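Since the structure comes first, as structure tokens, the remarks are kept for the end.
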Amino acid sequence: MDKIILEGLEFFAYHGFYKEERKIGNKYNVDLIVEADLHEAADKDKLSFTIDYETLYRIIQQEMQRPSKLLEHIARQIIIQIYRQFPEVNSIEVSVAKFNPPVGGVCKWAKVTLKRKADELAKMIKN
């Protein structure tokens, strides 16, 4: 299966379980893998036949601006919004990492990865 991958997207956002985290903010990293059939785009060399990665970036950017308590929730919302925009995808994998999480010690980041396939994506939209 063909893939479109966006790696190392960085955002400053106001997520976190603790009030202080949502008040002061933190730096986050997002990685995205979208699987889809890109055969026609490759053959015809036209943007209209692919999944526009600028649009993918904007979807992620918009979701990162909405405060959430959990990284899992952020990843799920990104997946849902991408599938709504591009229902032709076969799967979506999103990793969201929070730099320097409050774990009581040294930790570069805490990271959550969610992956959903087409059949699961359709169910997510219904719920």
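Just so we're clear, the structure is a prediction, and the values are computed from it rather than from any experiment. Computation of the quantities below employed the complete heavy-atom set of this structure, encompassing side-chain atoms and omitting hydrogens, waters and symmetry-equivalent molecules.
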Legend entry - Atom pair CD (Q62) and CD1 (I78), whose distance is rounded to the nearest 0.5 Å: 11.0 Å

Inset, instruction - Would you indicate whether the side-chain heavy atoms of T113 and V94 approach each other to under 4.5 Å? - result: no

Inset, instruction - Taking atom CZ of F99 as the centre, report whether more than 12 heavy atoms of other residues, nucleotides or ligands fall under 6.0 Å from it. - result: yes

Legend entry - CD1 on I33 to OG on S95, rounded to 0.5 Å: 7.0 Å

Legend entry - Side chain proximity check, L32 to I92, heavy atoms < 4.5 angstrom: yes

Inset, instruction - State, yes or no, whether a side-chain contact exists between I74 and H15 at a heavy-atom distance under 4.5 Å. - result: yes

Legend entry - Residues I79, L114; criterion side chain to side chain contact (heavy atoms under 4.5 Å, CB included); working and verdict: CA-CA 8 Å; I79 288 170; L114 298 183; 3.8 Å; yes

Inset, instruction - May I ask you to establish whether K27 and F12 are in a cation-pi arrangement, using a distance under 6.0 Å from NZ or CZ to the six-membered ring centre and at most 45° from the ring axis? - result: no

Legend entry - Distance flag, aromatic centroids of F11 and Y57, threshold under 6.0 Å: yes

Inset, instruction - Indicate yes or no: at least one non-hydrogen side-chain atom of Y53 is less than 4.5 angstrom from one of T55. - result: no

Legend entry - Check: M64 and V30 side chains under 4.5 Å, non-hydrogen atoms: yes

Inset, instruction - Take K98 and E21 through the test salt bridge (charged side-chain N to carboxylate O under 4.0 Å, His left out) and record every step on the way to the result. - result: CA-CA 11 Å; K98 176 192 299 190; E21 292 180 285; 2.6 Å; yes

Legend entry - CG (D43) with more than 12 external heavy atoms under 6.0 Å: yes

Inset, instruction - Verify side chain to side chain contact (heavy atoms under 4.5 Å, CB included) between D31 and V96, making sure each step is shown before the conclusion. - result: CA-CA 7 Å; D31 295 324; V96 181; over 6 Å; no

Inset, instruction - Enter the distance from F86:CZ to D52:CG here, rounded to the nearest 0.5 Å. - result: 6.0 Å

Inset, instruction - Compare every heavy atom of K3 with every heavy atom of L38, then report the nearest pair and how far apart it is. - result: CD1-O, 3.9 Å

Legend entry - E63 with R66: basic N within carboxylate O range, under 4.0 Å: yes

Legend entry - Pairwise side-chain contact, I80 with I82, heavy-atom cut-off 4.5 Å (strictly under): no

Inset, instruction - Could you tell me the separation between the NZ atom of K69 and the CD atom of E72, rounded to the nearest 0.5 Å? - result: 13.5 Å

Inset, instruction - Keeping the roles fixed (side chain from R22, backbone from G16), state whether a donor-acceptor pair exists under 3.5 Å. - result: yes

Legend entry - Distance-minimising heavy-atom pair for W109 and P101: CA-CD, 3.8 Å

Inset, instruction - Give, for atom CD of E10 and atom CG of N29, the distance between the pair rounded to the nearest 0.5 Å. - result: 6.0 Å

Legend entry - Shortest non-hydrogen contact between A41 and T50, atoms and distance: CB-CB, 3.6 Å

Inset, instruction - Apply side chain to side chain contact (heavy atoms under 4.5 Å, CB included) to Y14 and K23, showing your working. - result: CA-CA 6 Å; Y14 298 89; K23 184 177 180 181; over 6 Å; no

Inset, instruction - Output, in order, the C-alpha distance, side-chain angles, deciding distance and verdict of side chain to side chain contact (heavy atoms under 4.5 Å, CB included) for L6 and L56. - result: CA-CA 9 Å; L6 297 178; L56 293 172; 3.9 Å; yes

Legend entry - Min side-chain heavy-atom separation S91-K115 under 4.5 Å: yes

Inset, instruction - Decide yes or no for R58 and Q81: does some side-chain heavy atom of the first lie under 4.5 Å from some side-chain heavy atom of the second? - result: no

Legend entry - CG-CD distance between L70 and Q77, expressed to the nearest 0.5 angstrom: 11.5 Å

